[in-house]
Amino acid sequence: RAHLEDLPELIDACLAQASKRARAPTPAVAADFVAALMARPWPGNVRELQNLLERLLVWSTGSVLRASDLALAETTLHAVSPRPAQAQDMLEATLRETGGNVSRAARRLGVSRTTLRRRIRAAQLRHLIPKD
């Protein structure tokens, strides 16, 4: 919060670290995204930034993070969306992107396989998982 000039480097470092853990590609960052983050008060400092970027990495669908993506991260906490339709759409998209591989989808979404399987059943998306 006291060193906003360091924010672009912190964003890059946090995204690289989160991408490595999630085994996902590191998204590019648009200038409007950095500007929007610089305008925030950051009461939680670096930890708050890390958590925000991890949520964005899980829930964003594009290869470039934009300021408009911040609303998505602010409505999601720990891979749970308050809007069930949006959560189901993201779950379905992730399953399609991973070819129905539950382990890869769970890693990408930042949840356990057990949690993901429960959500798949609740969302009635079992048809997206290939039969063995």
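Positions are given from 1, in the same order as the sequence printed here. Note that the structure is predicted; figures quoted are calculated from it, not measured.
L15 places a side-chain heavy atom less than 4.5 Å from the side chain of L65. Under the 4.5 Å side-chain criterion, counting only non-hydrogen atoms from C-beta, L37 is in contact with R40. With a 4.5 Å cut-off on side-chain heavy atoms, K20 and Q17 do not count as touching. Looking only at side-chain heavy atoms (C-beta outward), L70 and L56 come within less than 4.5 Å of each other.
When hydrophobic clusters are built by joining Ile, Leu, Val, Met, Phe, Trp and Tyr residues whose side-chain heavy atoms come closer than 4.5 Å, directly or via intermediates, V34 is not grouped with V64.
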Can you give each donor-acceptor pair under 3.5 Å made by side-chain atoms of residues 121-128, sequence neighbours left out, with the distance rounded to 0.1 Å?
none

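Of all heavy-atom pairs between L53 and F33, the closest is CD2-CZ, 3.7 Å. Contact between C14 and Q50 at its shortest, heavy atoms only, is SG-CG, 3.5 Å. Across all non-hydrogen atoms, the minimal contact from L49 to L7 is CD2-CD1, 3.8 Å. Shown here for I129 and G100, the closest heavy-atom pair between the two residues is CG2-O, 3.9 Å. Nearest approach of L95 to A105, heavy atoms of both residues: CD2-CB, 4.0 Å. Nearest heavy-atom pair across T94 and R108 is CG2-CD, 4.0 Å.
A donor-acceptor pair under 3.5 Å links the side-chain atoms of D69 to the main chain of R66, judged by distance alone.
Pairs engaging residues 28-37 under the side-chain hydrogen bond (donor to acceptor under 3.5 Å, both in side chains) rule: none recorded [sequence neighbours left out].
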message: Using side chain to side chain contact (heavy atoms under 4.5 Å, CB included), reason through E48 and L52 one step at a time and then give a plain yes or no.
response: CA-CA 6 Å; E48 183 181 358; L52 176 80; 5.6 Å; no

- request: Kindly determine whether L116 and L91 satisfy side chain to side chain contact (heavy atoms under 4.5 Å, CB included), including the steps that lead there.
  value: CA-CA 9 Å; L116 183 59; L91 176 58; 3.1 Å; yes

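Residue S112 holds its OG atom at 7.0 Å from CZ of R118, rounded to the nearest 0.5 Å.
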